[in-house]
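Residue numbering restarts at 1 for every chain, and letters A, B, ... go by the order of the sequence lines. Note that these values count all heavy atoms, side chains included, but never hydrogens, waters or copies made by symmetry. Computed from a prediction, not measured in an experiment: that's the story for all the values here.
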Amino acid sequence: MLEIYNTLTNQKEAFKPLEENKIRMYVCGMTVYDYCHLGHARVMVAFDVIYRYFLDQGFEVSYARNITDIDDKIIQRAIENEEDFNHLTQRFIEAMHEDENSLGVLRPSLEPRATDNIPAIIKMIETLIEKGYAYQGSTGNVYYDVSKFEGYGKLSGRNLDDLRQGAGDRIRIDGAKDDPLDFVLWKPAKAGEPSWDSPWKRGRPGWHIECSAMSTELFGATFDIHGGGKDLQFPHHENEIAQSEACTGQHFANYWMHNGFIRIDDEKMSKSLGNFFTIREVLKHYRGEEIRYFLLTSQYRSPLNYSKEQLDRANKGLSRLYVALRGLPIVAVLKNTDFSARFHDAMQDDFNTPEALAVLFDLSRATNTVRQKEGKLNAAPYGALLKQLGSLLGVLQMDPDEWLQNDEHHQGLSRETIETLIQARLTARANKDWAQADKLRDELTTQGISLEDKGTETLWRRD
RNA sequence: GGCUGAAUGGCAGAGUGGUGAUGCAGCGGCUUGCAAAGCCGUCAACCCCAGUUCGAUUCUGGGUUCAGCCUCCA
């Protein structure tokens, strides 16, 4: 039975979709005014694994991950760059898709964009005004009146009094608002800013409303899963609930899933702290699959510290798994094993990927043992299972030799030179000229090439 | 101040009321011309103080420390 930790109730719950066999999942995606960093990579990969697992379990999955392509920061960045805002957002959407490809992330089934859904947004704001949940302030902004919504704070475990008290002087008292906690639904445009016609002033939507409008538009008033980074729990998701439930009068998402942060030196990685690494920066030194593996070494809700050492370990861990697969013929998968059972138990326990990876290592050991004792042919079904389970995590799908010989990041010897040196060494070995053979091997070792003698042939890999 | 969540071996990171995580690193062996890889074995942990229990790292209470949210953030 699949259990998911639900942030709404702060406990693991048995997962039951609204419609049998069908899952509707909405995840808050990127605001596209800059390159994605590792924090974004974590959301992408975490929900990608969840998506893959649901698909593997035979569900029909509608997975929507929105793109916020209009907001204050986008406008500001466009002005700084002297660039049309559509051009800016298009650039970073393309960059995002490149990053996703590098990480082996499947494209969500839907990628709704805020600017494509302005009519749905306006419609929802109108309904909120009609129902008395929203009002237009003196400056022309349309605000959501949090005091009208009874359940405000239920996702983040707060109440209005706590919030008002905790806010202190951090929240500016905007004269146009009835309550400092009210948030903006529609914002009038300044001259030259991107804007849309509306029943109010010409302007643009506030940040939270797009997700309410688009998820409701795509999935209806109630759907199965709503996800995103932990930092969106408040206020973004809290506000989404307020907007959607006030508008439709129905329960919004059933399961809320929030992934933990990436940290640098035990501190949250974030744009405001300036301590972030973009995905493409890290890709200069490590491969996408290494980054992906690194992200899977901790459960998605736990914090995860980024360091070079961790990425190096990811490389070693993956090498161990790929070594087990190396040279095995392609055959049918081993059936009904304890390994699959344990793997699925781990995944069904709120997507426990570290535990699932542990199973892959046990399985690789079994593969190696069988290979040593009974030969390649008998080991192959184990390898096939290893690769199949790996596919659920989005790893181990490359050709093992290609992975181990890693042509992506080296500045050393070419393949041709390596092969030539290996041939020369094989000749020396055949003549039992160990001094010459060792000299050639040392030469390769200093270039970061490890050799493995297997009978009459020699395998090599880059460290 | 309010609200969350954490504290596990040298490092990373799961999990459990009583024996195994797993990976990296270390140590011994098998294997190898010697290595590498692999296999076998091995070392080693559960923040502190009470309580519940035959037994607690795991449950309860208190404490300490850390991280996050309460302001844009994945």
*Would Asp48(A) and Arg292(A) pass as an ion pair if we require N to O under 4.0 Å?*
yes

*Please state the C1' separation for the pair C40(B) and G63(B) - nearest whole angstrom.*
46 Å

*So which nucleotide does U52(B) pair with, by the Watson-Crick or G-U wobble rule with both distances under 3.5 Å?*
none

*Between C70(B), A14(B), C40(B), which nucleotide gets closest to the side-chain atoms of Phe234(A)?*
C70(B)

*Please determine, for U4(B), whether a Watson-Crick or G-U wobble partner exists with both distances under 3.5 Å, and give it or none.*
A67(B)

*Start with the C-alpha gap between Tyr26(A) and Tyr63(A), add the side-chain angles, then the distance that decides, and say whether ring-ring contact (aromatic ring centres under 6.0 Å, His included) holds.*
CA-CA 6 Å; Tyr26(A) 185 97; Tyr63(A) 168 28; 9.4 Å; no

*Take Pro303(A) and Leu38(A), find for each the nucleotide of RNA chain B with the closest heavy atom, and name the residue whose nucleotide sits nearer the 5' end.*
Pro303(A)

*Which nucleotide, C73(B), A74(B), G33(B), lies nearest any side-chain atom of Val43(A)?*
A74(B)

*OP1 or OP2 of A36(B) under 4.0 Å from side-chain N/O of Trp460(A)*: no

*If the C1' atom of U58(B) is compared with that of C47(B), how far apart are they to the nearest Å?*
15 Å

*Return the nearest nucleotide to the side chain of Glu452(A); candidates are C39(B), C73(B), A36(B).*
A36(B)

*Is there a salt bridge (Lys or Arg N to Asp or Glu O under 4.0 Å) between Arg429(A) and Asp438(A) once you walk through the steps?*
CA-CA 9 Å; Arg429(A) 291 185 73 218; Asp438(A) 289 352; over 6 Å; no

*From C39(B), A74(B), G15(B), pick the nucleotide closest to the side chain of Glu355(A)?*
G15(B)

*Which nucleotide in G15(B), C34(B), C70(B) has an atom nearest any side-chain atom of Asn352(A)*: G15(B)

*Given RNA chain B, 5'-ward residue of the pair Pro354(A) and Gln372(A), judged by closest heavy atom*: Pro354(A)

_Which nucleotide wins on minimum distance to the side chain of Lys268(A), given the candidates C11(B), C69(B), C40(B)?_
C69(B)

*To the side chain of Arg158(A), which of A25(B), U4(B), C70(B) is closest?*
C70(B)

*asked:* It should be established whether Lys271(A) places a side-chain nitrogen or oxygen under 4.0 Å from OP1 or OP2 of nucleotide A74(B).
replied: no

*Report the base-pairing partner of U31(B) (Watson-Crick or G-U wobble, both distances below 3.5 angstrom), or none.*
none

*Mind checking the OG-NE2 spacing from Ser270(A) to His37(A)? Nearest 0.5 Å is all I need.*
7.0 Å

_Pair Arg263(A) + Asp266(A): basic N to acidic O under 4.0 Å_ = yes

_Watson-Crick or G-U wobble mate for A74(B), both contacts under 3.5 Å_ = none

*Closest to side chain of Gln299(A), choosing from C69(B), A14(B), G68(B)*: A14(B)

*Would you mind pulling out the nucleotide paired to U57(B), Watson-Crick or G-U wobble, both distances under 3.5 Å?*
none

*Closest to the Val323(A) side chain: G38(B), C72(B), G33(B)?*
G38(B)

